[in-house]
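Everything numeric in this text was worked out from a predicted model, so none of it was measured.
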Amino acid sequence: MQRLLTSARQFLPAAQRAGGIADLQRIGGYSAARLFSTDADSHDDFKPQVKAAPAGDVEATIEKDISSHDVFIYMKGVPQAPMCGFSNMACAILNLYGVEYGSRNVLADPEIREGVKRFTAWPTIPQVFIKGEFVGGSDILHEMHQKGELKQALEGCKLADD
């Protein structure tokens, strides 16, 4: 029986065989603790450089963004180079209507990324605002487009300069 258990052990993943992180590092397994640059032995150049902004500043930035544009999207990437399929779809739909819209890349600012989720109580990105009102993400935008509701919502919005 002991021989059977010993031979079966070779088929377990390294994480299950190892006794802890030190063992994982010793046998060359995956160690999440070594992936973060906040370790004490890490050089300052490799530590995160983003400084947390006060929550009031984030909310003020969001309110300024959505009040200064008829249409505004918080997205991953920028309209010319979206960094996810959902952001790409939202931009494609807005481009189809030819409206001018502002955008903010949430990947460049983690505080804005989390702040806009709190602001709208909506957990995903992208987030689209029309005339200062939160509409939803790319799925809602797509549904509104299919039903013809988006054209009506975008009436009176400034058109993009060609």
What one should report as the nearest heavy-atom pair of R104 and I112 is CD-CG2, 3.7 Å

By side chain to side chain contact (heavy atoms under 4.5 Å, CB included), F134 pairs with (sequence neighbours left out) T120, W122, Q127, F129

Interatomic distance, CD1@I125 vs CE@M83, rounded to 0.5 Å, equals 14.5 Å

Of all heavy-atom pairs linking D70 and G156, the shortest is OD2-O, 4.0 Å

Residue pairs passing the salt bridge (Lys or Arg N to Asp or Glu O under 4.0 Å) test with at least one member in residues 148-158, sequence neighbours excluded, are E100-K158

Side-chain touch L141/L150, heavy atoms, less than 4.5 angstrom:
yes

Discussion item. Test side-chain contact (heavy atoms from CB on, under 4.5 Å) on E59 and R118; report intermediate values, then the result.
Written reply: CA-CA 9 Å; E59 192 170 313; R118 283 190 307 272; over 6 Å; no

Review point. Between S87 (side chain) and C84 (backbone), is there a donor-acceptor pair under 3.5 Å?
Key: no

Go through the steps to decide whether D139 and T124 satisfy the test side-chain contact (heavy atoms from CB on, under 4.5 Å), and finish with yes or no. CA-CA 11 Å; D139 55 340; T124 59; 6.0 Å; no

Are Y101 and P79 packed together at the side-chain level, in the sense that at least one heavy-atom pair is separated by less than 4.5 angstrom? yes

Correct closest heavy-atom pair for G115 and I62 would be C-CD1, 3.6 Å

Is it the case that one hydrophobic cluster holds both V99 and V78, taking links as side-chain heavy atoms less than 4.5 Å apart, direct or via other members?
-> no

- Answer whether the closest heavy-atom distance between the side chains of S138 and I93 falls below 4.5 Å. no

Worksheet entry | Verdict with reasoning, D65 to Y74, per side-chain hydrogen bond (donor to acceptor under 3.5 Å, both in side chains) | CA-CA 10 Å; D65 285 345; Y74 289 92; 2.8 Å; yes

Quiz prompt | Beyond-backbone contact of L96 with H145, side-chain heavy atoms, under 4.5 angstrom | solution = yes

Can you find a heavy atom in the side chain of M75 that is under 4.5 Å from one in the side chain of N105?
no

For the hydrophobic clusters of this structure (ILVMFWY residues joined by side-chain heavy atoms under 4.5 Å, transitively), does one cluster hold both F86 and F72?
no

The reported gap from SG in C91 to CD1 in I73 (rounded to nearest 0.5 angstrom) is 4.5 Å

- Atom CD of Q152: over 12 foreign heavy atoms under 6.0 Å: no

Minimal heavy-atom distance between L107 and G77, with the atoms involved, is CD1-N, 4.1 Å

Shortest non-hydrogen pair, V58 vs E111, comes out as CG1-O, 3.7 Å

On a heavy-atom basis, the closest approach of A153 and K131 is O-NZ, 3.3 Å

